[in-house]
Amino acid sequence: MPATPDNPAFGSVDDVAERFAAHGYIADRRLATTVFLQTRLDKPLLLEGPAGVGKTELAKALAAATGRRLLRLQCYEGQDESRALYEWDYGKQLLYTQMLRDKIGDLTADAPDLASAVHRIEEQDSVFFSDRFLAPRPLLDAVRGEQPAVLLIDEVDRADEALEAVLLECLAEYQVSVPELGTYTAKIPPYVVLTSNNTRDLSAALKRRCLHLFLDHPDAERELEIVRAKDTGLSEAVARHLVDVVRGLRELPLRKSPSISETVDWARTLAVLGVDELGPDVLADTANVVLKYERDLHRALDVLPRLVDPNRSLPEPDRHHHDGGHHHHPHGHGQPEGETDGREVRAAMDRQGRHDEGYYGAPGAGPTHRTTPGTGQGARSFAAVARRRTD
């Protein structure tokens, strides 16, 4: 059933999947069920998982499928509540003060003393602290707005914990308190979607208020269906082959694995180039579309021929690729000495209690451990500087 202002809700789990598919978002049964429950229970939905698996796109698809306006709060470190809730338009207040200064003069003209004049001005506070001077930010806009909304709180794990506390009232009661004016309560509760890339643990209080779903990379058939839905222009056979290659790349110990959106980008790239058959050369020439770190790119180039043709035999890598003292390539194909593997980094980010230790941005003196330059690229840079100084 199509979304209309009179019938914005989903009729069933299948209705969720169908409406999402009509807007280019392929939802599996578990995801469609969670979204259906979110709209029926009026509870926020917290989506966690790696970057690029469709968390933000889900909120956009939800807004499109229900005919609601989309409000987005992009979280970042150091963000204060005024950027999320509301601000007073002090410039407008000052302009009104200048325009009305003659009236203020009339108001205080017969005041016997300064205290009386100030008291009379204080009685007019409601004139300057009213709706006309209130500049709503996404949270207040979602609660106070006359039109139903989808509120996307994107990358909430990047915000400080203080902002989490601000969110609790809004998520639990769909209300925002403005001390000068009172409390605004939503007439039509917004659909709230929070996303997290798991860069830090979210509080139990926040999670308790939300339905929770972990989104991971999909299986091969669903990823192929997503590529089809995006109308990339790539043929069915080549698209299927490309999805298999991408899934093979995700098995490598990369610092950043290819996301679903990057698979779509790669498919569009190959379609623009007119590729009708995948080969190691064309994949090597375009692999930078999905691999954004030089070390990941070199590691992938070693295995792309085998991913294209699993029956192909490849020579064993030379020992100098892994020998820190005999690099033939400036970045190396192996794991440089002193460099942490990407999967180990991601696993450490999920370790319970990791925020009790020093980390970048933590209060206090900060981390006590510093990386000592080893035999990698950094060491070579220091050596080059030393040589220039002695020349």
Side-chain angles (χ1 to χ4, degrees), residues 1-11 13 15-16 19-20 23 25 27 31-48 54-76 79-87 131 134-159 163-178 181-196 202-203 205-213 215:
M1 182 179 297
T4 66
D6 297 329
N7 182 33
F10 296 107
V13 173
D15 188 26
V16 175
R19 286 201 211 173
F20 272 38
H23 290 88
Y25 192 96
L31 178 56
T33 300
T34 305
V35 171
F36 177 71
L37 292 175
Q38 174 198 11
T39 60
R40 287 304 179 91
L41 299 176
D42 282 335
K43 291 181 70 68
L45 172 59
L46 172 60
L47 301 173
E48 294 190 285
K55 301 187 296 296
T56 301
E57 288 300 315
L58 183 142
K60 295 179 180 179
L62 179 59
T66 57
R68 294 185 170 216
R69 61 192 182 117
L70 177 66
L71 300 172
R72 180 171 181 171
L73 173 64
Q74 182 65 50
C75 299
Y76 55 87
Q79 187 177 28
D80 59 15
E81 63 182 70
S82 67
R83 295 294 180 181
L85 291 171
Y86 63 89
E87 286 184 305
D131 280 344
L134 191 64
R137 298 304 180 192
L139 293 183
L140 180 58
D141 196 5
V143 168
R144 194 181 66 160
E146 296 294 330
Q147 300 298 320
V150 172
L151 173 61
L152 168 61
I153 304 175
D154 211 11
E155 297 186 331
V156 67
D157 53 320
R158 295 188 181 277
L163 184 59
E164 271 191 57
V166 173
L167 292 174
L168 296 182
E169 177 188 15
C170 180
L171 298 181
E173 307 294 339
Y174 294 113
Q175 67 181 29
V176 172
S177 297
V178 180
L181 298 178
T183 299
Y184 291 94
T185 302
K187 297 178 181 177
I188 304 176
Y191 295 155
V192 182
V193 177
L194 302 95
T195 73
S196 168
L202 301 177
S203 68
L206 181 66
K207 288 194 171 186
R208 187 174 65 247
R209 287 164 170 78
C210 303
L211 297 176
H212 180 270
L213 187 65
L215 289 186

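The chain is numbered in sequence order, starting from 1. The figures here come from the full heavy-atom set of this structure, side chains too, leaving out hydrogens, waters and symmetry mates. These figures come from a predicted structure and were not determined experimentally.
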How would you list, by chain and number, every residue that makes a side-chain contact (heavy atoms from CB on, under 4.5 Å) with Q175, sequence neighbours excluded?
E169, E173, T183, T185
CG-NZ distance between L46 and K55, expressed to the nearest 0.5 angstrom
10.5 Å
Holding to side-chain contact (heavy atoms from CB on, under 4.5 Å), I want the full list of residues that pass it with E164, two or more places apart in sequence or in another chain.
E161, R200, L202, S203, L206
The criterion is side-chain contact (heavy atoms from CB on, under 4.5 Å); which residues satisfy it with R208, sequence neighbours excluded?
A205
Run the side chain to side chain contact (heavy atoms under 4.5 Å, CB included) check on L62 and H23 step by step: do they pass?
CA-CA 9 Å; L62 179 59; H23 290 88; over 6 Å; no
Contacts of H212 meeting side chain to side chain donor-acceptor pair (under 3.5 Å) (sequence neighbours excluded), chain-then-number -> E48
Who passes side chain to side chain donor-acceptor pair (under 3.5 Å) against R209, sequence neighbours left out?
none
Donor-acceptor contacts under 3.5 Å from residues 35-43 side chains, at least two apart:
| from | atom 1 | to | atom 2 | distance (Å) |
| --- | --- | --- | --- | --- |
| Q38 | NE2 | V192 | O | 2.9 |
| T39 | OG1 | F36 | O | 2.8 |
| R40 | NH2 | F10 | O | 3.0 |

CG-CG distance between L47 and L213, expressed to the nearest 0.5 angstrom:
6.0 Å
Could you tell me whether the side chain of L139 reaches within less than 4.5 Å of the side chain of L151, counting heavy atoms only?
yes
Please check if the side chain of R158 supplies one atom and the backbone of Y76 the other of a donor-acceptor pair under 3.5 Å.
no
Could you report the tightest heavy-atom contact between V150 and A59, atom names first, then the distance?
CG1-O, 3.9 Å
How far apart are the C-alpha atoms of K60 and L70, what are their side-chain angles, what is the distance that settles it, and do they pass the side chain to side chain contact (heavy atoms under 4.5 Å, CB included) test?
CA-CA 7 Å; K60 295 179 180 179; L70 177 66; 3.8 Å; yes
Rounded to the nearest 0.5 Å, what's the gap from CZ on F20 to CG on L58? Could you check?
4.5 Å
Can you run down the salt bridge (charged side-chain N to carboxylate O under 4.0 Å, His left out) pairs that involve residues 184-196, sequence neighbours left out, and say none if there aren't any?
E146-K187
Beyond-backbone contact of Q74 with E155, side-chain heavy atoms, under 4.5 angstrom:
yes
Shortest non-hydrogen pair, Y191 vs A9, comes out as OH-CA, 4.2 Å
Going through the checks in order, is the side chain to side chain contact (heavy atoms under 4.5 Å, CB included) test met by L194 and L45?
CA-CA 6 Å; L194 302 95; L45 172 59; over 6 Å; no
Pair D15 + R19: basic N to acidic O under 4.0 Å:
yes
For the CD1 atom of I153 and the SG atom of C170, what is their distance to the nearest 0.5 Å?
6.5 Å
Residues that D154 engages under side chain to side chain donor-acceptor pair (under 3.5 Å), provided they are two or more places apart
T56, R72, T195
Can you find a pair of side-chain heavy atoms, one from D141 and one from R69, that are under 4.5 Å apart?
yes
Are side-chain heavy atoms of I188 and Y174 found at a separation under 4.5 Å?
no
Closest approach of P190 and A186, non-hydrogen atoms and distance?
CD-CB, 4.2 Å
All heavy atoms of C75 vs all of L163, minimum pair found to be SG-CD2, 4.4 Å
